[in-house]
Amino acid sequence: MKNGVISLLVIYFFVHSASAVSIGAGPSTLDYGKLVRGGYGEKDVIVSTSGNLDLICTIEYKGEIKEWISRAGGNQFDLEKNSRKPLTFYVQPPEEIENGVYTG
């Protein structure tokens, strides 16, 4: 696979409160470079909140690579008020995929 660029386009955060919530994630784009078929890559994203609420967050993957990307801790995580949390995302393109640039 050449220039396998993977973007985190959508991370949905569901909050069990009507209060205003401040949340951020960075970097906003993860570039896994040139991965081989059946290969493996991992990158970190830091998710943070400056709000005064504990959050329960859910990750949703979209795009061409949604079946190839995952997180060891699953698709849901807790984010305590006024904190930062590193999340590691893994990508594993299938053996039978054609060479190309894939996003999600």
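We count residues from 1, following the sequence as given.
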Report all side-chain donor-acceptor pairs from residues 74-81 shorter than 3.5 Å, counting only partners two or more places apart or in another chain.
| residue | atom | partner | partner atom | Å |
| --- | --- | --- | --- | --- |
| Asn75 | OD1 | Tyr61 | OH | 3.4 |
| Gln76 | NE2 | Thr58 | OG1 | 3.3 |

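- With hydrogens and angles ignored, the 3.5 Å screen pairs a side-chain donor or acceptor of Arg37 with a backbone N or O of Ile97.
- Proximity of Tyr32 to Phe89: side-chain heavy atoms (C-beta onward) are separated by under 4.5 Å at one or more points.
- In this structure Tyr90 satisfies the side-chain contact (heavy atoms from CB on, under 4.5 Å) test together with Tyr40, Glu42, Ser70, Ala72, Thr88, sequence neighbours excluded.
- The two residues Pro93 and Gly39 come nearest to each other via the heavy atoms CD-O, 3.6 Å.
- Nearest heavy-atom pair across Ala25 and Val45 is CB-CG1, 4.0 Å.
- If you take CG on Asn82 and CG on Asn52, they are separated by 9.0 Å, rounding to the nearest 0.5 Å.
- Between Cys57 and Ile23, the shortest heavy-atom distance links the atoms SG-CD1, 4.2 Å.
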